[in-house]
Protein chains: 2
Amino acid sequence: MAAESELNTGVLLFLPYRALENRIFAVLAESGHEDVTPAQARVLQRVGPDGTRLTELAEQAQITKQTAGFLVDQLEKAGYVRREPDPSDRRARLVCLAEKALAAKEIADGVVAEVEKEWEEHLGRRRMKQLREALTALREITDPWA
Amino acid sequence: MAAESELNTGVLLFLPYRALENRIFAVLAESGHEDVTPAQARVLQRVGPDGTRLTELAEQAQITKQTAGFLVDQLEKAGYVRREPDPSDRRARLVCLAEKALAAKEIADGVVAEVEKEWEEHLGRRRMKQLREALTALREITDPWA
DNA sequence: GACTTTGGTCAGATTCTCTGACTACTTTGG
DNA sequence: CCAAAGTAGTCAGAGAATCTGACCAAAGTC
C-alpha cells in the first residue's frame with residue numbers, strides 16, 4: 001500500500017460500500033431477516049418491481065444462471081420471492097418479490113437513508129452532493145446497464 | 001429500484017468498484033496470473049510491505065482466520081507469499097509478499113492508473129478531485145483501520 | 001505461578017460457484 | 001411453414017470459499 005493519503009480509488013470506493021453493507025446486514029439480522037445470506041441478497045437486490053428473469057438476474061449479479069437458480073431456489077423456500085410464468089415467453093419465468101422481501105427492502109432502505117444522513121453530516125451537504133454527482137456521472141462508463 | 005437518477009449511494013459506489021476490479025482481473029489473467037482467485041486477491045491486497053499477521057489479514061478482509069489461513073496456504077503454494085517467523089512474537093508468523101506478488105501488484109497498479117485516467121477524462125479533473133477528496137474524508141467514518 | 005488473552009492450526013460441514021450436458025420454447029431465414 | 005439457430009431454464013457433479021468448534025502454544029496479567 002502507498003502512503004496513507006494515497007489509497008487508490010478502488011479501495012476508496014470499496015471501504016464505504018462495505019461499511020454500508022455491513023450496517024444493512026446487521027439491522028436486517030436484528031429484525032428477523034438473519035436468514036438472507038450476502039449471496040442471496042446480491043440477487044434479491046436486483047429483482048425489479050414487475051419481476052425479473054433469472055438470466056437477467058444472473059447477468060447483473062455477474063454469476064452463472066445456474067448459481068442464480070440455486071440462490072433463487074433458496075429465496076423462494078425462505079419466502080422472499082415467487083416464480084411466476086412470464087406471459088410473453090413460455091420458456092421463461094419471472095422472479096417476483098414476495099411480502100417478506102418488500103418488508104426487508106423497507107428496512108434496508110431505512111438503513112441506507114440513515115447512513116447517507118450520517119455521511120452527509122460528516123462531509124457537509126455540498127461535498128455529499130458532489131460525491132453523488134460524480135458517482136452518477138461515473139456510472140455512464142462503468143455500468144453496463146445504465 | 002427507484003427512478004434511474006436516484007440510485008442509492010451504496011449501489012453508486014459499488015458499480016465503479018466492480019468495473020475496476022473486473023478490469024484488473026482481466027489484465028492479470030492475460031499476463032499469466034490467471035491462478036489468483038478473487039478470494040485470494042482480497043487477502044493478498046492487504047499484505048503490507050513488511051509482512052502482515054494472519055489474524056490481521058483476516059480482520060481486514062472480514063473473514064475468519066481459518067479461511068485466511070486456507071487462502072494464504074494456496075497463495076504460498078502458488079508462490080505469491082512466504083511465511084516468516086515474527087521476531088516480536090514466537091506464536092506469530094508474518095505473511096510476506098514474494099516476487100510473483102510484487103510483479104502482479106505492479107500490473108494491477110498499472111491498470112488502476114489507466115482506469116483512473118479514463119475516469120478523470122470522463123469526469124474532468126475537478127470532479128475527479130472532488131470525488132477522491134470526498135471518498136477520502138468518508139474513510140474517517142467508514143474505515144476501522146483509518 | 002495460575003488465569004486470561006492472543007496467534008494460529010486441525011477437522012468437518014455448509015454454502016457458493018462453476019462447467020458441461022440437456023429440454024423446451026422462440027426467433028429467423030428461406 | 002419448416003429447419004436451423006438462439007435463448008430460458010434445469011439437472012448433475014465438482015471445486016472453491018466460508019464457517020463453527022475444538023484445540024495448542026506463546027504472551028500478558030495479577
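Per chain, numbering begins at 1; letters A, B, ... match sequence-line order.
- A:L94 and A:F70 are members of different hydrophobic clusters when ILVMFWY side chains are connected at heavy-atom separations under 4.5 Å.
- Listed by chain and number, the residues in a salt bridge (charged side-chain N to carboxylate O under 4.0 Å, His left out) with B:E114 are B:R23 (sequence neighbours excluded).
- Nucleotide C:dG30 forms a pair with D:dC1, judged by Watson-Crick or G-U wobble geometry with both contacts under 3.5 Å.
- Heavy-atom minimum distance, A:V36 versus A:A41: CG1-N, 4.0 Å.
- The hydrophobic clustering, which links ILVMFWY residues whose side-chain heavy atoms are closer than 4.5 Å, places B:F25 and B:Y17 apart.
- B:G69 and B:R83 get closest at one heavy-atom pair: O-NH2, 4.0 Å.
- At a non-hydrogen distance threshold of 4.0 Å, nothing from residues 27-44 of chain B comes into contact with DNA chain C.
- Applying a 4.0 Å cut-off to non-hydrogen atoms, the residues of residues 56-71 of chain B that approach DNA chain C are B:K65, B:Q66, listed by residue number.
- With hydrogens and angles ignored, the 3.5 Å screen pairs no side-chain donor or acceptor of B:H122 with any backbone N or O of A:L138.
- Residue-environment remark: CD (B:E106) stays at or below the threshold of 12 foreign heavy atoms within 6.0 Å.
- Here the side chain of A:R139 pairs no donor or acceptor atom with the backbone of B:L12 at under 3.5 angstrom.
- A:D35 and A:Q74 share no donor-acceptor pair across their side chains, judged by distance under 3.5 Å alone.
- Minimum heavy-atom separation, B:I24 to B:A108: CG2-CB, 3.9 Å.
- Side chain to side chain, B:Y80 and B:E76 fail the donor-acceptor criterion of an N or O pair below 3.5 Å.
- A salt bridge does not link A:D73 to A:K77: none of the charged side-chain nitrogens sits closer than 4.0 Å to a carboxylate oxygen.
- First and last contacts of DNA chain C with chain A, using any nucleotide atom under 4.0 Å from a protein heavy atom and ordered 5' to 3', fall at C:dC16 to C:dT26.
- Remark: the B:T9 side chain and the A:R132 side chain contain an N/O donor-acceptor pair separated by less than 3.5 Å.
- Within the 3.5 Å criterion, the main-chain N or O of A:A78 finds a donor-acceptor partner in the side chain of A:K100.
- Taking the side chain as every heavy atom from C-beta outward, B:V43 and B:I63 approach each other to under 4.5 Å.
- When DNA chain D is scanned 5' to 3' for any atom under 4.0 Å from a heavy atom of chain B, the first and last hits are D:dA17 to D:dA27.
- Contacts between residues 80-91 of chain A and DNA chain C, defined by a heavy-atom separation under 4.0 Å, are made by A:D89, A:R90, A:R91.
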